[in-house]
Each structure stands twice: as structure tokens, then as C-alpha cells.
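See below for the structure under consideration.
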There are 2 protein chains.
Amino acid sequence: MCAEQQPGQVRPGGRTARNREAVCRATLLELAERGYAALTVENVAERAGVHKTTVYRRWGGVHGLVVDSLQFAIDDDWQPDLSGTVEENLLDHARVALDAFLDAEIGPTHTAVVAAAFQSTEAIEAVHAFFADRFGRAASIITTAIENGELPPETDSIAVIRAVMAPIYFRLFISREGVSDGDLQQAVQAAVASARAGVFSSFDQDGERS
Amino acid sequence: MCAEQQPGQVRPGGRTARNREAVCRATLLELAERGYAALTVENVAERAGVHKTTVYRRWGGVHGLVVDSLQFAIDDDWQPDLSGTVEENLLDHARVALDAFLDAEIGPTHTAVVAAAFQSTEAIEAVHAFFADRFGRAASIITTAIENGELPPETDSIAVIRAVMAPIYFRLFISREGVSDGDLQQAVQAAVASARAGVFSSFDQDGERS
DNA sequence: GCACTAATGCGACTCGAGTTGCAATACCGG
DNA sequence: CCGGTATTGCAACTCGAGTCGCATTAGTGC
């Protein structure tokens, strides 16, 4: 979706790559300084030293900018810390994830993609893929805990991760209640308690998706 | 925020009320048919048989339209069903809430306010107030359960409600995973299990909000 | 009813997002 | 180094969101 060059030859050469980097960096800065509501193609183009037509042609508009900037900025080789108890590792993960959204540089971009998902199909896919990726990696916290006997076997590891993260994002972006560190601790304790009670044990998942 | 008439006299007379109703209905229909991304003041104004200047003056723009339309459309005397067990009542509540967001008529408006909250302070306050109100009412499910001995005393009733709803909204609007009825059941079971484990028992809530 | 004024209608205007056709530039393979 | 083509720059254009001043209409209090 970033660029749709179906013509015979693609040209990922120096200038193209330089422009992408310049535009993505400009988008990140614009988002950090002015926010998603004020993000405009022209400002980004000018800041990146690129003509706005180029941005429209390669990214299609603000949605594409936001999506590509996220993929440009995220840390691809992140792994959760597995050195403590389940509770400690989950709390650590929750804090890191929350910080990523509150961070002055990259936070606005994360938020912007979530916001863009309300208006753009590409953004929906990007957000979905982002969470699938992060949840998949964080799942090792749970599988390790299962191996250590901290949680019952057959526990759906991704379900536990989601149970930890859902209240945090809900407070942040839906109910707009704000998130304290105590909320993180409560989310972790609730998820672990539910897992120990067998709620997340893999059972036949009936009921079709809507 | 709907109208800012600080001049000496307000005039909530017949025409004003009629126009508000027409505009709000038009907004609901536009949202249902075209969605939030395509919502425009001009379309709403034309549909309502009102000049666009009037809409801009009284509502300020699309954000105001969305916010006021929600307040126009929500059912003010809703009360949760308390006839079953905690699990049954919570599951019933979760289904009703989910239906409200998936409903063809009012659902798009709920979604639109959540989306608008990413761009407008008024929308943030509206969403915040909406959830505070709904959570407050649904809390009677928990207080009743405490009286019946189904849950430990000292349980923070709103925390339980939020624990039920958070995963649902998270899947709907953040991770974009879709929601099945099995997910609702799991959310209810997790919240109840956590409450029974004492996770939501009112304790000194340290950690400041961010 | 009648005066007074809030609320609305109306048209013209500004301004910025997004598009298009064409010229200039820079990468790529030889 | 050189020709071919993808990519970009450029300028002019369209189109719709939002604003402003003024005329008109319709509540409100008497």
C-alpha cells in the first residue's frame, strides 16, 4: 500500500529510499508536534523537502503516511523480558507498552494509527497486524510461565496477554479515563487470576465472529 | 457546547427544538448510511432542510454534530436486568452493549463519537461521560451480587463492569479482531473470577494518573 | 396584536486539500 | 559513460469545507 508500482520495473534506488525516510521522519515530527488532527500532507511534504504531489502519489494521503510511518518507526526485534515471575514480566510488558503510547516521539504515531483505523481500511489492517505481532511475541511470557508451573497448562497465552492489555487501551482510547500504574497492576493481577481459574484454558470456541 | 448563546436571552422555542431534532436525525441517518469518514456538514444540513451556516453556528462542525446526536439518541432510562446470576446478568449486559455498537441505526453514532474523541475535546468529554453513566448504572449488577453473597464484599463494582467491557471494546475498536459471543462469555467469566479472587476489592489505589 | 431581538437564510468569499498534464531529473542496465 | 524509464518537480486547476456580512424570519414579553 505504501507504493503501488506495478509497472515492469521497481526502482528501490537511493533517492526513493531517502525520500521515504525523509517523509516518514517528517510525519513522525508533525504528529509529535501538532497531533493527528492537524496532520496534513502539505506540511509533511514541505518538512521533508519533497513536493506534495510525490506524497500523494506514493502514500495516497494522510492514512498512508501514518501507516507507513508506524512501520518505519517500530522496533522490529523486540522481545519480552522473561527473567521474573509471570506477574513481574506481565507488569513490565504492560509498562513498556503503555510508555510506547505515551512517549513523546513515537506515541503520537501509535495513537494516530488507531485513530486512522476509524477511517481507512489499510490502517485497520496495520493496527490488526501490529497487535497480532506484539501479542504473539509477548505470549512467550505465558508459555514460559506454563513451563514453570505458574499457570495451568492448556492456557491460551495470547488470551492472557490480551486480557492484560485490553483494560489499558480501553482506558486510554475508549473511555478516556487515564491510566495509573495501579491500573496496570490490577490488570495483571486480574489476568493471572483468571488464567489460574482456568478461564483462558483452550476450550471449544463456539459462537461465530461478527 | 451544543450552542453557545451567552447573549442575555436564550430562546429554546419551537423552531430551535425542531431544528435540533431534524439535524440530529439527519446526522444519525448520514452516519448509518455513509459512515463517519464521509460525514459532512453540508450533507447533514441539506438532509435536515437547514442552511449549513446554521449548523456551523450551533454545532461548530462535525464533532459537535456527532456529540449532540449521541445525546439525542441514547436511551436515558436504561437499567440493567438483575433477575439472574451475576454471570447471566453480566453476559446479558455485555450483549446489549455490543448490540448497541453493532446496531444499524445507532451503532454508527456510538462508533463515530469514539472516533471523534481522537480529534475533539468535546467528544472526549462526551465519551467519558457516556461510559461513566453506563458503568454507574451497570454497577447495580455487582452490588446486587455482593448482597446475594455471589461476590466478596468490598468489591469495586465499577471495576468489574469495566473488566467485562474492556476486552469487548478493545477487540472492536483497537485491535480490530472482531467479537464473538464466546468472547463475551470469556470476558464475563474472567471478570467474575478476578472479582472472586479479590483483585477488585477496594484497596488503597496508589500510583498517580497519567 | 406589536415591538424587540434571537435565530435562521442567503450568497459571496477565502483557503486548503487533492488532481492532472507536462517537463525535468535521477536511477538502472548495458 | 549513455540511453531508457521510473520517479519527481512544477504549476495550474477543481472542489468542497468553513467564514462573513447582511437581509429575513420567527419566538418572546408586553
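Each chain gets a letter, A, B and so on, in the order the sequences are listed, and its residues count up from 1. As a basis for the values below, the full set of heavy atoms in this structure was taken, side chains included, without hydrogen atoms, waters or symmetry mates.
- Listed candidates were C:dG11, D:dA11, C:dA17. Nearest to the side chain of A:T53 is D:dA11.
- Protein atom OH of A:Y56 is 14 Å distant from nucleotide atom C1' of D:dC13, rounded to whole Å.
- Here the C1' atom of nucleotide C:dG18 and the CG atom of A:L65 are 13 Å apart, to the nearest Å.
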Practice task
Carefully, step by step, assess B:H63 and B:T121 under the rule side chain to side chain contact (heavy atoms under 4.5 Å, CB included).
Solution key: CA-CA 9 Å; B:H63 303 330; B:T121 307; over 6 Å; no
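- Rounded to whole angstrom, the span from the NE2 atom of A:H51 across to the P atom of C:dT20 amounts to 14 Å.
- As a whole-Å value, the separation of A:E42 CD from D:dG9 P is 14 Å.
- Contact of B:R57 with C:dG9 (side chain to base): a donor-acceptor pair of N or O atoms is detected under 3.5 Å.
- Remark: P of C:dC10 and CD of B:E46 are 12 Å apart, rounded to the nearest angstrom.
- Between C:dT19, C:dC27, D:dG18, one nucleotide has an atom nearer to the side chain of A:R18 than all others, and that is C:dC27.
- No side-chain donor-acceptor contact under 3.5 Å links A:E42 and A:T40.
- Straight-line distance from the CH2 atom of B:W59 to the P atom of C:dT8: 7 Å, rounded to whole Å.
- If you check every strand for non-hydrogen atoms under 4.0 Å, A:T54 touches sugar and phosphate atoms only.
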Exercise for the section: Please lay out, stage by stage, how B:Y169 and A:F173 fare under the test side chain to side chain contact (heavy atoms under 4.5 Å, CB included). Expected result: CA-CA 10 Å; B:Y169 292 124; A:F173 297 125; over 6 Å; no
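- For A:T16 against C:dC27, a side-chain-to-base donor-acceptor contact under 3.5 Å is absent.
- Rounded to whole angstrom, the span from the CZ atom of B:R20 across to the C1' atom of C:dT8 amounts to 18 Å.
- No more than 12 heavy atoms of other residues, nucleotides or ligands shown are found within 6.0 angstrom of CD on B:E105.
- In this structure, B:N19 reaches the C:dT8 phosphate: one of its side-chain N or O atoms is under 4.0 Å from OP1 or OP2.
- With C:dA17, D:dA17, C:dT8 as the candidates, the nucleotide lying closest to the side chain of A:T40 is C:dA17.
- A donor atom on one side chain and an acceptor atom on the other are not found under 3.5 Å apart for A:T16 and A:N19.
- Per the geometry, NZ belonging to A:K52 stands 11 Å off C1' belonging to D:dC10, to the nearest Å.
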